[in-house]
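Each remark here refers to the structure printed beneath this line.
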Amino acid sequence: MRSDNFFQDVYDVVRLIPRGRVTTYGAIAAYLGATRSSRMVGWAMNASHSQHDIPAHRVVNRQGMLTGKMMFAYPMQMQELLESEGLRVKDDRVEGFDLFFWDPVMELNQ
DNA sequence: TGTGTGACGGGCG
DNA sequence: TCGCCCGCCACAC
């Protein structure tokens with residue numbers, strides 16, 4: 001479901017992330033065929049402010065860190081949203097990140 | 001029209 | 001293992 005809009009593609013993928021699961025900027029970029037454009041995924045998320053149907057809190061960096069929490073209404077919101085889905089966050093990092101990692105390249109595209 | 005910048009990631013020394 | 005550098009590209013000024 002690739003569109004001609006990179007941002008829209010990013011949003012489409014993010015919306016598919018299951019509740020209680022997380023993915024990374026790089027994974028999304030790779031799924032969109034732009035492995036080296038992970039920065040653009042972050043940029044797209046930054047622009048997702050206006051959209052309220054984007055679970056941006058489920059997107060973290062490859063270390064499972066909540067690097068984008070400062071962009072939320074208030075910093076702790078990102079952690080609170082993740083915890084409300086059953087995840088645990090410690091020192092701005094998702095505990096057991098590997099276990100909850102949702103890879104669009106593996107889960108979709110089949 | 002040109003330039004700087006950014007919720008990143010991978011490669012290299 | 002750690003730090004630095006570079007690619008990448010849409011967008012704001």
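Atoms considered below: every heavy atom in the structure, side chains included; atoms not considered: hydrogens, waters and symmetry mates.
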Notebook entry, point to check: CE of A/M45 versus C1' of B/dC8: gap in Å, rounded?
Noted result: 13 Å
Notebook entry, point to check: Between atom CE in A/M65 and atom C1' in B/dG9, what is the gap in whole Å?
Noted result: 15 Å
Note to self: Between C1' on B/dA7 and NZ on A/K69, what's the gap in Å once rounded to a whole number?
What the structure shows: 13 Å
Margin query: Quick one: does any side-chain atom of A/S48 pair with a main-chain N or O of A/Q51 as donor and acceptor, under 3.5 Å?
Written below: no
Margin query: Between A/R88 and A/V94 (side chain of the first, backbone of the second, donor and acceptor by atom type, cut-off under 3.5 Å), is there such a pair?
Written below: no
Next item on the list: Test for a donor-acceptor pair under 3.5 Å between the base of C/dC8 and the side chain of A/S37, counting only N and O atoms.
Entry: no
Notebook entry, point to check: Rounded to the nearest Å, what distance is computed from the CZ atom of residue A/F97 to the C1' atom of nucleotide B/dG9?
Noted result: 13 Å
Checklist line | Whole-Å distance separating the CD atom of A/Q63 from the C1' atom of B/dA7 | finding: 13 Å
Checklist line | side-chain hydrogen bond (donor to acceptor under 3.5 Å, both in side chains), paired with A/H57, selected from A/Q79, A/K69, A/E85, A/Q77 | finding: A/E85
Item checked: Whole-Å gap separating P (C/dA10) and CG (A/N5) -> 10 Å
Note to self: Whether the side chain of A/R39 and the base of B/dG9 hold a donor-acceptor pair under 3.5 Å is what I'd like checked.
What the structure shows: no
Notebook entry, point to check: Which stems does DNA chain B form, counting runs of 3 or more consecutive Watson-Crick or G-U wobble pairs with both distances under 3.5 Å?
Noted result: B:2-6 with C:9-13, B:8-13 with C:2-7
Item checked: Candidate nucleotides B/dG6, B/dA7, B/dG9, ranked by approach to the side chain of A/S38 - the nearest -> B/dG9
Note to self: Distance check needed: C/dC9 P versus A/D9 CG, whole Å only.
What the structure shows: 14 Å
Next item on the list: When you get a sec, tell me which of C/dA10, B/dC8, B/dG9 is the closest nucleotide to the side chain of A/T24?
Entry: B/dG9
Notebook entry, point to check: In whole Å, what is the span from the CZ atom of A/F101 to the C1' atom of B/dG9?
Noted result: 13 Å
Check: Is A/N46 touching bases, backbone alone, or none of the nucleic acid, heavy atoms closer than 4.0 Å?
Finding: base
Notebook entry, point to check: Side-chain contact, heavy-atom cut-off 4.5 Å: A/L81 with A/R58?
Noted result: no
Checklist line | Of the listed nucleotides B/dA7, B/dG6, B/dG10, the one nearest the side chain of A/T67 | finding: B/dA7
Check: Toward the 5' end of DNA chain B, which comes first, A/T35 or A/M40, by nearest nucleotide?
Finding: A/M40
Notebook entry, point to check: Looking at B/dA7, C/dA10, B/dG9, which one has an atom nearest to any side-chain atom of A/R62?
Noted result: B/dG9
Notebook entry, point to check: Would a 4.5 Å heavy-atom cut-off, applied to side chains only, mark A/E107 and A/T23 as touching?
Noted result: no
Check: Quick one: does A/V60's side chain get under 4.5 Å of A/M78's, heavy atoms only?
Finding: yes
Note to self: Among residues at least two apart in sequence or on other chains, which ones pass salt bridge (Lys or Arg N to Asp or Glu O under 4.0 Å) with A/R15?
What the structure shows: A/D12, A/D53
Next item on the list: Scan A/A56 against the nucleic acid and name what it touches under 4.0 Å (heavy atoms): base, sugar-phosphate only, or nothing.
Entry: base
